[in-house]
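Working notes for the structure below.
Lettering of chains follows the sequences in order, A, B, ..., and the numbering in each one begins at 1. These numbers come from a predicted model, not from an experiment.
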Amino acid sequence: MEDFLLRLREAVSQELHLPAETPLPVSHTPFDQKGDITITLFGLAKRLGKNPAELAQHLQVILPRRLPEIADTELVKGFLNIRLSDAYRLAFLQRPPRPVIDPQPETIILEYPSPNTNKPLHLGHLRNIFLGQSIGRILEARGHTVIPVCLFNDRGTNICKSMWAWKELAHGATPETTGVKGDHFVGDYYVAYAKAQKEAVEALVRSGMTPEQAEKEARPAREVLKMLELWEAGDPETLALWKKMNQWVYEGFETTFRRLDVHFKKYYYESEVFHQARHIVEQGLAMGVFVRHPDGSVHAHLEEAGLGDKVILRANGTALYITQDLAVAEQKSRDFQFDRSVYVVGNEQDYHFKVLFEILRRLGAPGSDKLYHLSYGMVELPSGRMKSREGTVVDADPLLDEMREAARKAAQDAVKSLTLPPEEAENLYEAVGQGALRYHILRVDPRKKIVFNPEESVALQGDTGPFIQYTHARLRKLLRDAELAGFSLEEKTSDLKEGLIEPERAMVKQLWRFNTALEEAARNYNPAEVAHYAFQTAQRFSAYYQQVPILKETRPDVRNARLLLTRRVGEYLALSLHLLGIQAPEKM
RNA sequence: GUUCCCGUAGCUCAGCUGGAUAGAGCAACAGCCUUCUAAGCUGUGGGCCGCAGGUUCGAAUCCUGCCGGGAACGCCA
């Protein structure tokens with residue numbers, strides 16, 4: 001397809017004597033119109049001082065002469081619709097899908113999901129992971145080299161809160177003694193801290209203190225602060241506890257990462273890089289990017305960039321979040337030679353990244369002009385935002401379990417249920433459960449917030465991941481049966497006597513759109529474009545499958561052509577699902 | 001208050017850098033399993049594209065203003 005588009009553009013530019021780089025309005029023809037490729041003539045005609053009709057007349061004569069794959073052209077209003085030949089379609093079907101490589105392949109660092117180490121992963125992290133993973137695969141398909149990295153926010157008051165509560169309440173309990181997954185185990189103490197703090201504050205308020213003062217004066221808060229100071233001072237006992245609890249969390253994360261098939265090339269730890277902050281501050285001061293105020297604090301004045309006065313170092317000399325991110329950015333450029341660096345982080349941090357990128361630019365950091373914040377909307381519940389303090393957070397692990405169980409139930413309730421070996425069945429339920437969740441989240445534009453409705457998320461019918469998986473599985477079964485029957489699935493030219501029928505032409509037309517979807521998904525960092533493509537492809541094939549006999553077709557040439565088409569549709573579906581991080585089961 | 005994002009069918013979402021009668025899914029209703037897996041297919045109803053201007057041969061799409069919803073603006077992360 002792409003070769004044709006290239007030659008078409010070339011032919012049009014030459015015939016109309018247009019400058020080489022003129023962008024031409026060439027697009028896929030809508031399905032309700034006859035034709036495959038459309039040239040929109042309004043703008044061109046205006047430029048050339050002709051009317052669309054006479055322009056069309058010229059092109060209609062000249063294009064079929066230069067491009068033999070054109071079967072027919074038709075002018076509808078200002079649109080020149082080009083219909084391609086069946087022979088070209090059949091030639092196209094000889095080849096498996098080939099993603100078009102970006103003309104300038106890059107090495108791209110992709111950072112996600114960068115969790116805190118004080119509580120388990122939740123639904124918000126899942127959106128982040130699904131996006132990161134999918135964008136990574138989409139960029140790789142376009143020929144880029146993707147380096148996925150994960151930053152652990154493993155220090156600070158948050159983890160100290162869990163540590164405090166564990167010391168106070170656990171009596172030596174561990175994930176091993178309780179059988180609780182490590183990240184959840186630590187998270188439970190984070191919740192316990194919040195509860196203890198709340199109670200302490202309430203008691204102080206009852207004895208006459210203002211709420212603001214009580215927040216600071218309550219024993220849990222005071223002791224957590226003390227613990228943080230001990231940590232920063234390198235107190236061995238505190239460090240040992242910190243290491244132990246973080247380790248529990250990493251083990252828990254690792255289990256979930258494995259379940260989600262996410263892998264990173266490198267992990268960064270805030271606790272390791274934050275020491276480097278100091279020298280970046282010195283460098284910034286020397287360059288005049290930062291200014292030290294009389295109280296000792298260091299600021300970046302970004303007023304003329306519309307970003308205000310940003311504090312980089314506290315008056316007491318300690319680093320802030322932004323300072324650490326500067327250090328991480330520097331560390332990345334020491335570790336890798338990259339052309340682009342992408343951060344997958346929620347849109348609540350839009351301001352933070354504007355500031356971060358602006359400062360890196362001013363510091364002249366390597367690659368500072370190739371930074372991108374892949375900003376995505378929050379995941380909310382019908383009841384509102386998720387609040388860990390209010391216990392309304394949807395944790396990732398139990399959600400994944402629920403999705404798997406929903407898939408199990410659907411499989412058992414299915415009209416034509418399948419019997420699979422137990423292990424295979426378990427893998428299938430997991431794949432379908434995740435397929436449902438991933439698709440449900442990836443089908444919406446990343447920038448938009450998602451109101452997560454549990455009932456809708458477990459839906460397996462209609463515009464869902466499992467519908468696409470199901471379409472794929474059925475089609476694979478058909479191909480297996482064809483093989484058993486000894487029918488040809490070979491990629492040889494089908495000597496079709498009567499040509500293709502309209503539904504087949506439309507099906508191929510759908511396959512031709514793949515690279516447009518992929519290119520746009522990569523350009524816009526938007527997996528939803530691939531999701532829509534996958535759904536439309538499945539939908540169109542399901543309708544075709546319903547109305548046209550494939551395996552049962554008796555004319556061998558027609559049957560073989562249909563089998564070849566079916567095989568290609570399966571490959572495009574499997575590839576699209578892969579780009580979304582969704583498995584394409586052989587049976588379901 | 002300043003900045004940013006969002007507003008399309010009852011609900012959830014598409015609609016690409018302006019283009020053909022605004023599309024899917026869910027929900028509702030009516031059909032289709034002795035025929036390749038009914039997690040499927042076919043059909044019906046359902047829309048001042050938030051409002052008002054502007055640019056244009058042409059605007060859901062671009063610009064301005066307004067209305068409504070959300071977020072960010074810490075010596076928190």
- Message: Taking any heavy-atom pair under 4.0 Å as a contact, classify A:Lys477: base, sugar-phosphate, or nothing.
- Response: base
- Partner nucleotide, any strand, of B:A22 [Watson-Crick/G-U, under 3.5 Å]: none
- With P as the reference atom in both, quote the distance from B:A24 to B:G46 in angstrom, rounded to an integer. 14 Å
- Would you classify A:Tyr351 as touching base, sugar-phosphate or nothing, given that sugar-phosphate means primed atoms plus P, OP1 and OP2, and contacts are heavy atoms under 4.0 Å? sugar-phosphate
- Note on the structure: The nucleotide from B:A20, B:A14, B:U35 with an atom nearest the side chain of A:Lys552 is B:U35
- Item | Pairing nucleotide - B:U2, Watson-Crick or G-U, each distance under 3.5 Å | B:A72
- Task: Measure from the side-chain heavy atoms of A:Arg523 and tell me the nearest of B:A77, B:C16, B:C75.
- Result: B:C16
- Atom P, compared across B:G18 and B:C57: separation rounded to whole Å: 15 Å
- Task: Output yes when a side-chain donor or acceptor of A:Ser271 lies under 3.5 Å from a complementary backbone atom of A:Arg155, and no otherwise.
- Result: no
- Item | With sequence neighbours excluded, residues passing side chain to side chain donor-acceptor pair (under 3.5 Å) with A:Arg292 | none
- Task: Could you tell me whether A:Arg443 contacts a base, only the sugar-phosphate backbone, or nothing, with contacts defined as non-hydrogen atoms closer than 4.0 Å?
- Result: base
- Query: Using 30° and 60° as the class limits, which term best fits the ring planes of A:Tyr343 and A:Phe353: parallel, tilted or perpendicular?
  - Reply: tilted
- Task: Go through B:G7, B:C75, B:C41 for me and flag the one nearest to the A:Lys448 side chain.
- Result: B:G7
- Task: Using the P atom on both, measure B:U64 against B:G70 and round to a whole Å.
- Result: 24 Å
- For B:U21, take OP1 and OP2 only and decide whether either is under 4.0 Å from a side-chain N or O of A:Lys77. yes
- Message: Counting the atoms with a prime plus P, OP1 and OP2 as sugar-phosphate, which does A:Thr516 contact under 4.0 Å by heavy atoms, base, sugar-phosphate, or nothing?
- Response: nothing
- Task: Using a 4.0 Å heavy-atom cut-off across all strands, classify A:Ala543 as base, sugar-phosphate, or nothing.
- Result: sugar-phosphate
- Query: With no angle test and no hydrogens, is the base of B:A77 tied to the side chain of A:Asp325 by a donor-acceptor pair under 3.5 Å?
  - Reply: no
- Task: Name the orientation class of the two ring planes belonging to A:Phe514 and A:Tyr533 (parallel below 30°, tilted from 30 to 60°, perpendicular beyond 60°).
- Result: perpendicular
- Item | Ring geometry between A:Tyr193 and A:Trp164 (parallel below 30°, tilted from 30 to 60°, perpendicular above 60°) | perpendicular
- Between B:G25, B:A77, B:G40, which one does the side chain of A:Asp463 approach most closely? B:G25
- Between B:A71, B:A77, B:C36, which one does the side chain of A:Asp481 approach most closely? B:C36
- Message: Applying a 4.0 Å non-hydrogen cut-off, can you work out what A:Met588 is touching in the nucleic acid: base, sugar-phosphate, or nothing?
- Response: base
- Whole-angstrom distance between B:A59 and B:G19, as gauged at atom C1': 9 Å
- Determine which nucleotide pairs with B:G47, using a 3.5 Å limit on both distances of a Watson-Crick or G-U wobble pair. none
- Item | Within 6.0 Å of CZ in A:Arg278, more than 12 heavy atoms from elsewhere | no
- Message: According to a cutoff of under 5.5 Å between the ring centres and under 30° between the ring planes, does A:Phe467 stack with the base of B:G40?
- Response: no
- Message: At 4.0 Å (heavy atoms only), tell me whether A:Phe535 reaches a base, stays on the sugar-phosphate, or touches nothing.
- Response: sugar-phosphate
- Geometric class of the A:Tyr545/A:Phe541 ring pair [parallel <30°, tilted 30-60°, perpendicular >60°]: tilted
- Query: Which part of the nucleic acid, if any, lies within reach of A:Asn116 when heavy atoms closer than 4.0 Å are counted: base, sugar-phosphate only, or nothing?
  - Reply: sugar-phosphate
- Task: Taking atom C1' in both B:A60 and B:A14, compute the distance separating them and give it to the nearest angstrom.
- Result: 12 Å
- Item | Side-chain N or O of A:Arg474 closer than 4.0 Å to phosphate OP1/OP2 of B:A38 | yes
- Message: What contact category does A:Asn118 fall into here, base, sugar-phosphate, or nothing, at under 4.0 angstrom with non-hydrogen atoms?
- Response: nothing
- Item | Between B:C48 and B:A22 - P atom distance, rounded Å | 13 Å
- Message: For a quick check, tell me whether the side chain of A:Thr38 and the base of B:A20 share a donor-acceptor pair closer than 3.5 Å.
- Response: yes
- C1' atom, B:G47 versus B:G10: distance in rounded Å? 12 Å
- Query: On a whole-Å scale, what distance lies between the C1' atoms belonging to B:G69 and B:C76?
  - Reply: 27 Å
